Amino acid sequence: RDREHQGMAKNTNMRWRLPLVCLLWELAMIVLFGVFVRFGAEADAHWEEEKREMNLTSDMENDFYFRYPSFQDVHVMIFVGFGFLMTFLKRYGFGAVGFNFLLAAFGIQWALLMQGWFHSFKDGKILIGVENLINADFCVGSVCIAFGAILGKTSPIQLLVMTLFQVTLFSVNEYILLNLLHVKDAGGSMTIHTFGAYFGLTVTRILYRPNLEQSKDKQGSVYHSDLFAMIGTLYLWMYWPSFNSAISDHGDAQHRSAINTYCSLAACVLTTMAFSSMLQKKGKLDMVHIQNATLAGGVAVGTSAEMMLTPYGSLIVGSISGIVSTLGYVYFTPFLESRLHIQDTCGIHNLHAMPGLIGGIVGAITAAAATEDVYGKEGFIKAFDFTGVYQTRTPSIQGGFQAAGIVVSLLMAFAGGAIVGGILKLPIWGDAAAENCFEDGIYWEVPEDEESDVYHMHNPDKPASP
Amino acid sequence: RDREHQGMAKNTNMRWRLPLVCLLWELAMIVLFGVFVRFGAEADAHWEEEKREMNLTSDMENDFYFRYPSFQDVHVMIFVGFGFLMTFLKRYGFGAVGFNFLLAAFGIQWALLMQGWFHSFKDGKILIGVENLINADFCVGSVCIAFGAILGKTSPIQLLVMTLFQVTLFSVNEYILLNLLHVKDAGGSMTIHTFGAYFGLTVTRILYRPNLEQSKDKQGSVYHSDLFAMIGTLYLWMYWPSFNSAISDHGDAQHRSAINTYCSLAACVLTTMAFSSMLQKKGKLDMVHIQNATLAGGVAVGTSAEMMLTPYGSLIVGSISGIVSTLGYVYFTPFLESRLHIQDTCGIHNLHAMPGLIGGIVGAITAAAATEDVYGKEGFIKAFDFTGVYQTRTPSIQGGFQAAGIVVSLLMAFAGGAIVGGILKLPIWGDAAAENCFEDGIYWEVPEDEESDVYHMHNPDKPASP
Amino acid sequence: RDREHQGMAKNTNMRWRLPLVCLLWELAMIVLFGVFVRFGAEADAHWEEEKREMNLTSDMENDFYFRYPSFQDVHVMIFVGFGFLMTFLKRYGFGAVGFNFLLAAFGIQWALLMQGWFHSFKDGKILIGVENLINADFCVGSVCIAFGAILGKTSPIQLLVMTLFQVTLFSVNEYILLNLLHVKDAGGSMTIHTFGAYFGLTVTRILYRPNLEQSKDKQGSVYHSDLFAMIGTLYLWMYWPSFNSAISDHGDAQHRSAINTYCSLAACVLTTMAFSSMLQKKGKLDMVHIQNATLAGGVAVGTSAEMMLTPYGSLIVGSISGIVSTLGYVYFTPFLESRLHIQDTCGIHNLHAMPGLIGGIVGAITAAAATEDVYGKEGFIKAFDFTGVYQTRTPSIQGGFQAAGIVVSLLMAFAGGAIVGGILKLPIWGDAAAENCFEDGIYWEVPEDEESDVYHMHNPDKPASP
């Protein structure tokens with residue numbers, strides 16, 4: 001079977017397959033949106049009447065103004081952040097940015113539906129507002145993470161198929177965590193990172209390519225591709241406070257999430273730099289670590305940022321996650337590849353999987369340690385939404401449920417990833433042979449060789465090809 | 001005449017002309033601002049008293065907080081979005097980003113005046129606030145669009161002259177549409193895109209260069225220039241919801257505009273990818289389409305986004321516009337060049353002109369189809385501002401006026417473009433000969449050849465030039 | 001001594017030194033944050049009770065919503081703006097972005113403490129909120145500026161040591177200006193730019209390297225590095241209105257600051273282009289000017305933007321600062337290097353020092369010229385905070401104190417820079433020899449030579465190295 005998967009005679013022509021999938025699926029989106037999706041009250045033209053009914057005196061009370069700036073930051077993280085972070089490969093920049101664009105554009109539509117059915121369904125309609133847009137971006141974020149593991153090795157159709165299934169499973173897992181277990185996870189340490197990363201790692205394990213060293217020469221970066229990747233890194237890093245606070249409760253919770261994330265990420269940069277230098281024999285910094293491990297601090301406070309983690313708690317969590325992530329790149333990734341046959345192109349195990357687990361655990365501990373003294377009587381109830389049937393939950397029970405959320409996310413990721421990986425292994429999706437991996441030329445029209453061109457143009461007296 | 005225009009002996013030295021234009025015009029701006037421009041009430045230090053008079057209880061009611069985040073997103077679209085989108089040419093990156101910077105920086109000043117005289121003039125003064133800044137950026141957006149058609153073929157002075165006239169005509173056209181026809185066009189499908197694109201196409205037709213194939217080798221991209229262009233694409237794509245909602249009414253209208261635009265753009269990506277692959281014989285994706293046609297969905301809901309277009313309506317509009325735009329790149333652009341002598345460097349006909357027309361038409365239909373049932377009694381009046389002398393307007397009449405707005409914009413664009421094109425054809429502006437088009441070296445100090453340098457540095461044992 | 005400093009046998013191995021500094025300092029941050037830093041009232045879970053006590057009816061009154069969008073813009077300026085602005089060097093892109101990342105990530109933590117002790121200390125705790133995050137970013141901005149002077153010539157440890165001291169001195173200087181002199185400086189013309197730039201210039205003077213021409217070939221740019229730098233430039237330029245308005249009073253002051261800065265920057269672009277072209281004998285534009293001098297307009301209204309400078313006043317200030325800054329690049333930088341032995345890699349004297357002084361002076365004049373007529377009775381008191389012990393201050397006295405603020409900032413910069421420069425001269429920090437300056441390979445693992453790689457891959461029939 002693997003032999004088949006590596007043959008030279010692979011048909012990577014997308015001409016009819018990709019258009020068919022894109023157009024049919026978009027048509028399905030239109031039909032489903034037509035049947036189900038409508039504007040929520042705050043985006044509907046009836047808002048004037050709604051405002052009166054809700055006794056709101058100002059348009060400012062529209063959720064749009066509480067969340068739109070954060071939404072835009074999250075949007076940038078998904079499309080520029082993840083897209084450019086993956087351009088580090090010397091000849092896969094088009095695929096990194098372009099396929100990320102494709103899968104995310106499809107994914108947000110499907111996520112609006114899936115999450116809508118679970119969370120915004122009323123009288124047969126899904127009512128959407130800015131919070132739904134954020135959640136759709138979040139959901140797609142988990143697909144972008146999984147994409148990182150299989151980057152360069154899959155066809156765009158495979159990515160769309162994976163997106164379809166992963167968004168579905170994400171929504172189910174999210175429903176279990178948020179609604180059934182009543183778990184807090186505003187920044188998605190469990191739902192986005194742990195789930196997304198272990199899902200992607202399972203998929204890449206199933207799609208294991210024994211002859212991948214045939215494209216080894218293309219798995220590295222070049223000088224400018226590393227700078228492009230830094231654009232992605234920095235936008236993820238800078239906007240992560242918006243990510244973790246985007247759907248927190250209005251007021252202090254959003255404020256606190258941003259501060260905790262800011263602190264955690266700052267600390268993470270220092271420990272990453274320290275370990276990157278320490279683990280290289282000449283003490284030189286490695287761009288792979290700087291591009292990735294510096295972000296682990298954002299992942300690791302994804303659950304707890306809206307809690308009273310405190311700034312120093314954030315520094316501790318950020319420091320540890322930077323260390324763990326950098327160690328992962330140096331020791332764990334080679335081990336995963338050689339021993340477990342997990343080929344993880346971007347090292348999502350180090351950036352999302354392990355920090356995601358840390359984030360889930362820190363969240364469970366922080367929840368378990370909550371007291372009315374620290375949160376205030378009202379703040380305590382509000383922070384964990386201990387109302388209705390959850391009125392009697394204690395912090396330690398909440399901590400237990402938080403921990404259960406990690407386990408559920410892992411199980412969903414492994415099971416889902418195995419099934420989806422099996423589907424993606426079918427020989428009909430047009431993926432490339434091993435020697436053509438990490439190469440844009442397979443799926444993209446690539447411009448002429450840069451060098452000879454420029455030479456020709458600027459050195460007319462020199463021969464066209466040196 | 002054309003022969004003259006192509007001669008080798010062209011004087012492209014900007015040394016005295018460009019400084020003269022820049023300095024005199026800036027001086028004129030200072031004088032005109034000194035005479036006319038003052039802070040609006042919400043930016044003036046008298047705001048404390050104003051607040052009391054208007055019975056506002058919170059500083060939050062200052063328009064700044066309703067619009068500033070959107071303003072910044074629009075600002076990024078104009079300077080980074082348009083600027084970098086045009087860096088796809090292999091040797092015109094400085095000109096793309098730099099001249100866009102120059103013309104936009106001048107244009108926003110002149111637009112503040114022109115639009116101010118029409119819309120914010122009170123007691124002999126133009127009173128400005130954040131909404132004026134957004135509108136100035138919008139106006140300049142139409143110039144950036146026109147710049148796309150003539151990219152690489154004009155001198156910076158020509159661009160400044162074009163900006164001066166186009167901003168003037170834009171403001172007149174906008175006044176006719178918004179004030180005389182009482183048309184809705186918050187995202188500018190007609191005022192910005194249709195007008196800007198057909199204006200630019202007319203200008204480039206007048207400036208037709210029969211020998212442009214002499215610089216054919218520089219009209220393509222190189223690998224990294226395509227990645228730079230994707231930065232522009234993504235920032236335009238991500239922030240377009242802010243663009244279309246930036247000057248909508250507070251509350252539901254801004255909220256709705258953002259959602260509609262988000263949906264339209266997502267759908268547009270899928271149909272663009274589908275057609276890009278379908279139209280290439282090996283099914284490979286073309287970066288030109290991904291960089292441009294994916295944005296058509298934002299243009300095509302520019303008029304209707306703030307109306308009750310609904311999410312599925314947005315998906316339909318976005319899907320169609322992506323298809324039309326991609327088809328345009330494949331079939332229409334070559335036709336325009338060979339048959340109509342319209343040399344459209346960036347393909348603005350596909351990205352702005354046709355989607356702009358679609359946007360105008362969709363807006364007219366959506367307005368004509370509006371009912372009190374869908375909008376609510378108050379919402380209906382508020383959405384179309386059916387107050388005062390417009391109290392008796394019906395949706396179908398509004399639809400008719402919307403359609404008239406398209407026609408007016410087209411006529412203004414053709415007439416204005418013809419006149420301005422004629423002015424730009426004067427042999428005094430220092431444009432380059434045909435064989436020097438698309439080449440930064442004419443107007444910029446360009447650093448030494450990248451390759452030989454780097455070689456020299458890193459391979460000291462190899463010869464300096466290979 | 002200088003001879004020592006230029007030796008070939010320099011030990012630039014960071015393996016133990018850099019990790020040690022990073023880890024120990026991060027540990028110190030954790031301990032100090034643990035002892036001192038807590039959430040401010042608006043980020044604390046007790047906010048519900050606080051709201052009731054303060055009679056706030058809406059979560060919107062939380063300072064988070066007034067300042068968070070501006071904070072994110074400032075954050076982008078510090079990390080992407082400054083980081084990428086400095087990537088213009090052909091082989092120092094990793095160092096530019098990466099070291100800026102490192103020093104800023106450390107600096108914001110230390111700034112939260114230093115500024116916290118001076119400004120947010122209550123009952124033994126530093127209470128932080130979004131305004132503290134902005135101020136920490138501001139403080140680090142002054143370090144990024146100083147970094148511009150020594151770019152390419154120092155080790156990461158030297159940068160961390162400089163950050164430690166400069167943040168400390170910045171906070172002292174800021175305390176003197178804002179609290180003792182009661183000076184207004186919301187955009188930091190004095191505290192950030194004047195102080196930061198003269199501090200950096202003094203440091204680079206002390207670290208003078210007589211043999212720096214040995215790395216002359218690496219001090220230039222290449223085509224794509226100039227485009228990367230333009231990303232930095234544009235983000236600084238676009239978001240500067242947020243920078244200057246981020247910590248102004250709610251309402252009109254924030255609104256006004258943004259407008260003034262927008263106007264000043266627009267004017268600055270035109271005069272920069274004019275002089276850049278005028279000062280080159282073929283009239284060609286110089287990327288160095290466009291990348292830098294276009295930003296001087298933001299620096300030069302840093303003090304006065306929140307005052308009633310008026311839009312035309314802003315145009316005048318912006319125009320002048322663009323001229324001064326461009327002239328500085330052409331005439332002053334070479335003079336500083338040859339005569340005063342000040343090697344200023346990025347030309348911060350032109351972008352920050354001189355425009356910063358202009359900004360301080362314009363601020364003093366604008367303050368001195370303030371009248372109750374222009375500001376309104378309440379607005380006048382609010383704008384300059386003439387309350388409490390400052391109730392009797394007149395505008396002209398305020399102008400005097402503003403001028404004193406410039407002098408104090410200069411003295412602090414010179415004295416502090418001299419001391420810190422002396423410390424950085426110690427031969428223990430691992431800086432590179434003169435011939436290895438401006439070269440990423442010293443402190444970074446740099447990928448294989450771009451050219452030969454790409455050649456090899458795409459032209460398999462050509463020899464691997466041409």
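By convention in this document, chain letters (A, B, ...) are assigned in the order of the sequence lines, proteins followed by strands, and residues within each chain are numbered from 1. What you are looking at is a predicted structure, and each value in this text was computed from that prediction instead of being measured.
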Go through the atoms of [X] and report whether side chain, backbone, both or neither lie under 4.5 Å from a heavy atom of chain C.
X       : answer
D73(B)  : neither
Y443(B) : backbone
N62(B)  : side chain
Q109(B) : side chain
F228(B) : side chain
N132(B) : neither

Determine whether the aromatic ring centres of Y312(C) and F36(B) lie less than 6.0 Å apart.
no
Ring centres of Y262(C) and F71(B) under 6.0 Å apart?
yes
Pair count under 4.5 Å, heavy atoms only, with chain B: among G379(C), G313(C), S257(C), S277(C), highest is S277(C)
At a heavy-atom separation under 4.5 Å, does [X] approach chain B through its side chain, its backbone, both, or neither?
X       : result
A267(C) : both
C268(C) : neither
T57(C)  : neither
L56(C)  : neither
F380(C) : neither
K382(C) : side chain

Against chain C, work out which of K51(B), M14(B), E48(B), M60(B) has the most heavy-atom pairs shorter than 4.5 Å and name it.
M60(B)
Sub-4.5 Å heavy-atom contacts with chain C: which residues of residues 74-81 of chain B show up?
H75(B), V76(B), F79(B), V80(B)
With I30(B) via side-chain contact (heavy atoms from CB on, under 4.5 Å) - residues at least two apart:
E26(B), L315(C), I316(C), S319(C)
